[in-house]
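What follows is a single structure, written as structure tokens, with notes after it.
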Amino acid sequence: MENRQPDVDPAVVATADDIAAMRTRGAATIADAAAKALATQAERAETTQPAAFERQLRAAAETLYETRPTAVSLPNALRYVLRGMDGETVTELRATTIARAEEFRAELAQAQQRLGEVGSNRLRDGDVVMTHCHSTDALSCLEAALEDGKEIEAIVKETRPRKQGHITAQQLREWGVPVTLIVDNAARRYLDEADHVLVGADSIAADGSVINKIGTSGLAVNARERGVPVMVAAQTLKLHPDTMTGHTVEIEMRDETEVLADDQRADITGERDDDGLIVENPAFDVTPPRHVDAIVTERGQFPPESIVTLMRELFGETTGEPWEP
Ligand SMILES: O=P(O)(O)OC[C@H]1O[C@H](OP(=O)(O)O)[C@H](O)[C@@H]1O
């Protein structure tokens, strides 16, 4: 990423690059990396002027924010850290910002653990869980169930195009969970063997819609038809405050080469200079609340339609860009 903000520390730009390229990915992991990057910016900011310090922190937040548009955990993290930046001097501003970032990261880990315990209560000994993509919140539920001594099996969707299902399979096998890996197209067939669909979320809208990895909505529709409950594991950090005031969540469109490599495109188009072949690569889709049974958070589980009450409690009616004072 080109550093258009001269005062932004190279480490922050590197974090932003990693998020944009998905070397750092997953909504919670992105939030954690962003908070850490703001702490680094605070540590390294070279100025004795409080106003310049604040400007640099806001510029760093903007650089991080511009990486990927869908996971609201990113702006929520930036907003949380910047709201803790307080003091009359650079020394005070630096200390409060770093402390706030550390507090955010600790709370993130705790929330994920608490959420896992709630989600685990929905799982019974011997259950088979179908997963989509890789979600640390969803895995936390499985980890807690295993710690409770429950035997769990998993059907893991590979999740085209980036195949993050492999990361899920790797983690589950490390924990000793029997895993059946399937291509996405086989999901409906294998739903007959599943007791739950368990997915994470990048954002939750005020009406209870779940924005998650592309393919989640089709899976949820099929699960409903088969009578398999759909459980969404999402820390309250995934609640999207702007949706309370009518905004929609932007769906990230990623590069076509994730779907079709250049040589594969050439196989299709041959010698033709073919602009009639279009590849679309949306990273996320929207699952309406009627196809979701429960949203599991660190504050308990909620039917999707009631999530707005929690959002009001947590955010009030305030929104705005994360770097705005
Ligand atoms: O926060 P946790 O639960 O780890 O992940 C939540 C979601 O983030 C991921 O997005 P991507 O892979 O970054 O595009 C997946 O869609 C996953 O379900």
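In each ligand, atom 1 is the first atom listed, and ligand 1 is the first ligand listed.
Considering every non-hydrogen atom in both C133 and T168, the closest pair reads O-OG1, 2.6 Å.
Between the side chains of Q112 and T136, at least one donor N or O lies within less than 3.5 Å of an accepting N or O. H132 and N212 share no donor-acceptor pair across their side chains, judged by distance under 3.5 Å alone.
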Pairs under 3.5 angstrom, nitrogen or oxygen on both sides, ligand 1 versus protein: list them out, please.
residue  : atom   : partner : partner atom : Å
ligand 1 : 1 (O)  : A27     : N            : 3.3
ligand 1 : 1 (O)  : A28     : N            : 2.7
ligand 1 : 1 (O)  : K238    : NZ           : 2.9
ligand 1 : 3 (O)  : S135    : OG           : 2.7
ligand 1 : 3 (O)  : T136    : N            : 3.2
ligand 1 : 3 (O)  : D137    : N            : 3.0
ligand 1 : 4 (O)  : T136    : N            : 2.7
ligand 1 : 4 (O)  : T136    : OG1          : 2.5
ligand 1 : 5 (O)  : A27     : N            : 3.4
ligand 1 : 8 (O)  : A27     : N            : 3.2
ligand 1 : 8 (O)  : D202    : OD2          : 2.9
ligand 1 : 10 (O) : D202    : OD2          : 3.0
ligand 1 : 12 (O) : R25     : NE           : 2.6
ligand 1 : 12 (O) : R25     : NH2          : 3.1
ligand 1 : 12 (O) : Q164    : NE2          : 3.2
ligand 1 : 13 (O) : G26     : N            : 2.8
ligand 1 : 13 (O) : R68     : NH1          : 2.9
ligand 1 : 14 (O) : R68     : NH1          : 3.4
ligand 1 : 14 (O) : R68     : NH2          : 2.8
ligand 1 : 14 (O) : K213    : NZ           : 2.6
ligand 1 : 16 (O) : D202    : OD1          : 2.7
ligand 1 : 16 (O) : N212    : OD1          : 3.1
ligand 1 : 16 (O) : K213    : N            : 3.4
ligand 1 : 18 (O) : N212    : OD1          : 2.6

Practice problem: Run the numbers on D202 and T70 for side-chain hydrogen bond (donor to acceptor under 3.5 Å, both in side chains), then give the verdict. | Solution: CA-CA 7 Å; D202 294 81; T70 304; over 6 Å; no
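With respect to E54 and R58, a salt bridge is recorded, a charged nitrogen being found less than 4.0 Å from a carboxylate O.
Hydrophobic cluster of V129: the remaining members, joined at side-chain heavy-atom separations below 4.5 Å, are L115, V118, L123, L139, L142, L146, I152, V156, L172, W175, V177, V179, L181, L198, M231, V296, listed by chain and number.
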